Q: 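There's a structure below that I have some questions on.
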Amino acid sequence: KTVQVVQQLVEPFRGSFRTVYVDRFYTSIDLLKELHEMKLFVTGTVLSNRVPRTLTIGKSSPQFKAMERGDVVKHVFNYRDKSGHLQKAGLVLWKDRNIVYSMTNDTTTSTMDTCTRRGQGGLLELQRP
C-alpha cells in the first residue's frame, strides 16, 4: 500500500512538523490522516479518483468547458483523523490542458505565481497555485 511506503520513508522525521511533498501516485486522504498522526504535513498533486467526487470537474462538464487555461478553483474540505477529530485540508483544481488536482493539510491554498506553458500561437504566461 502506498501509504505504508511513505510512512516507512518518513519515520525518521516523526514529530518534526515538517512538510512531505509527494507526487500524485502517493497523495490521498488516507496519507493525510496517517502523517497527521505522525505530526507531519502533506502537500502534493493527487489523482482525480482520490478526490471526493463532489469536488471533481469532469472533462465533459459545462464547468470544465467554461474554464480558461490557468483558472483555479479552491476548496477546503473536512476529514476525520484517526482519533475522530475534524481536520481541514485544502484542494486546488488548476486547469492547464487538463485539470491538475493538488491537496495539502499544511498551508493556505491562496499562494499563486506564474508559469510559462506552450500553447497555440507560442508561449503563454499562466497563473498557477
Side-chain angles (χ1 to χ4, degrees):
K1 194 172 178 185
T2 59
V3 172
Q4 293 167 338
V5 170
V6 176
Q7 281 180 299
Q8 289 175 352
L9 290 170
V10 301
E11 183 60 39
F13 305 106
R14 177 186 285 272
S16 66
F17 296 97
R18 294 182 187 201
T19 301
V20 178
Y21 295 93
V22 293
D23 80 353
R24 65 191 190 141
F25 182 73
Y26 297 97
T27 310
S28 67
I29 294 172
D30 289 338
L31 183 65
L32 267 65
K33 290 178 184 180
E34 292 296 330
L35 268 55
H36 175 81
E37 293 297 314
M38 296 175 73
K39 298 191 180 354
L40 296 168
F41 300 106
V42 178
T43 298
T45 54
V46 62
L47 294 167
S48 62
N49 64 350
R50 294 182 180 172
V51 173
R53 276 275 175 236
T54 57
L55 302 178
T56 59
I57 298 175
K59 280 187 176 182
S60 60
S61 72
Q63 186 177 4
F64 180 84
K65 292 175 182 174
M67 292 176 77
E68 297 288 326
R69 228 175 145 181
D71 285 353
V72 173
V73 177
K74 300 175 187 176
H75 297 284
V76 175
F77 68 94
N78 298 315
Y79 67 95
R80 296 218 177 260
D81 64 17
K82 291 177 80 174
S83 306
H85 296 104
L86 201 59
Q87 301 294 331
K88 293 184 184 289
L91 177 70
V92 176
L93 292 66
W94 176 61
K95 184 174 181 187
D96 189 16
R97 286 194 175 117
N98 294 307
I99 298 289
V100 177
Y101 297 91
S102 58
M103 188 183 301
T104 186
N105 65 349
D106 179 20
T107 60
T108 177
T109 58
S110 63
T111 306
M112 300 288 287
D113 69 354
T114 59
C115 66
T116 304
R117 308 294 282 175
R118 287 193 173 103
Q120 292 178 343
L123 299 177
L124 304 170
E125 289 288 322
L126 299 178
Q127 288 287 332
R128 71 172 173 199

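Note: hydrogens, waters and symmetry copies are ignored here, and every other heavy atom, side chains too, is used. Just so it is clear, the model here is predicted, and its values are computed rather than measured.
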Q: Could you measure the distance from the CD atom of Q87 to the NE2 atom of H36? Nearest 0.5 Å is fine.
A: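 NE2 of H36 is found 3.5 Å from CD of Q87.
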
Q: Do Y21 and L47 share a hydrophobic cluster (ILVMFWY, side-chain heavy atoms under 4.5 Å, transitive)?
A: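 No, because Y21 and L47 fall into different hydrophobic clusters, even though each may have its own neighbours under 4.5 Å.
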
Q: Less than 4.5 Å apart, any side-chain heavy atom of M67 and any of I57?
A: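 Counting from C-beta outward, M67 and I57 do come under 4.5 Å.
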
Q: Using every non-hydrogen atom in the two residues, find where L32 and A89 come nearest and quote the distance to one decimal.
A: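 In this case the closest contact between L32 and A89 is CD2-CB, 3.6 Å.
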
Q: Side chain to side chain contact (heavy atoms under 4.5 Å, CB included) between S28 and V46: does it pass, once the steps are laid out?
A: CA-CA 7 Å; S28 67; V46 62; 5.7 Å; no

Q: When you look at V3 and K33, which way does the side chain to side chain contact (heavy atoms under 4.5 Å, CB included) test go after all the steps?
A: CA-CA 10 Å; V3 172; K33 290 178 184 180; over 6 Å; no

Q: Might you point out which heavy atoms bring N105 and L40 nearest each other, and give the distance in Å?
A: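 That would be ND2-O, 4.4 Å.
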
Q: Assess the residue pair F77 and T54 against the criterion (side chain to side chain contact (heavy atoms under 4.5 Å, CB included)); give the C-alpha distance rounded to whole Å, side-chain angles, the decisive distance to 0.1 Å, and a yes or no.
A: CA-CA 11 Å; F77 68 94; T54 57; over 6 Å; no

Q: Would you say T2 and L31 make side-chain contact, with heavy atoms under 4.5 Å?
A: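 The answer is no; the side chains never approach within 4.5 Å.
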
Q: Say whether, by atom type as modelled, one donor and one acceptor occur between the side chain of T45 and the main chain of R24 under 3.5 angstrom.
A: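 A pair under 3.5 Å: yes.
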
Q: At their closest point, which heavy atom of G15 faces which heavy atom of K39, and how far apart are they?
A: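 That closest heavy-atom pairing would be CA-CB, 3.7 Å.
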
Q: Is the shortest side-chain heavy-atom distance between R118 and L124 below 4.5 Å?
A: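 No, their side chains stay 4.5 Å or more apart.
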
Q: M38 vs F13, test: side chain to side chain contact (heavy atoms under 4.5 Å, CB included). Steps then yes/no.
A: CA-CA 8 Å; M38 296 175 73; F13 305 106; over 6 Å; no

Q: Hey, is CD on E125 packed in by over 12 heavy atoms from elsewhere, all under 6.0 Å?
A: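 Enclosed: over 12 neighbouring heavy atoms sit under 6.0 Å from CD of E125.
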
Q: Between the side chain of K95 and the main-chain N/O of F64, is any donor-acceptor distance below 3.5 Å?
A: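 A pair under 3.5 Å: yes.
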
Q: Heavy-atom count around R50 CZ within 6.0 Å, excluding the residue itself: above 12?
A: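 Count over threshold, so yes.
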
Q: If we check side chain to side chain contact (heavy atoms under 4.5 Å, CB included) with V20, which of these qualifies: L9, L35, D106, T43?
A: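 Output: one option passes, namely L35.
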
Q: Going by salt bridge (Lys or Arg N to Asp or Glu O under 4.0 Å), name the pairs with one or both residues in residues 76-87, residues two or more places apart or in two chains.
A: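 For residues 76-87: E34-K82.
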
Q: Is there a path of hydrophobic side-chain contacts, each under 4.5 Å between heavy atoms of I, L, V, M, F, W or Y residues, that connects F41 with V22?
A: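 Result: no, two separate clusters.
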
Q: Please examine the side chains of E11 and R14, heavy atoms only from C-beta on, and report whether any two atoms are closer than 4.5 Å.
A: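 Yes. Closest side-chain heavy atoms under 4.5 Å.
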
Q: Mind jotting down which residue pairs meet the side chain to side chain donor-acceptor pair (under 3.5 Å) criterion with at least one end in residues 55-64? Sequence neighbours excluded, please.
A: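 Side chain to side chain donor-acceptor pair (under 3.5 Å) check on residues 55-64 returns K59-N98.
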
Q: Taking all heavy atoms of H75 and all of V73, pick out the closest pair and write down the distance.
A: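 In this case the closest contact between H75 and V73 is NE2-CG1, 3.5 Å.
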
Q: Nearest 0.5 Å, what's the CG-OG1 distance between L123 and T116?
A: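 Interatomic distance, L123 CG to T116 OG1, rounded to 0.5 Å: 6.5 Å.
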
Q: Find the distance between NZ (K74) and CH2 (W94) and round it off to the nearest 0.5 Å.
A: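 The distance works out to 13.5 Å.
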
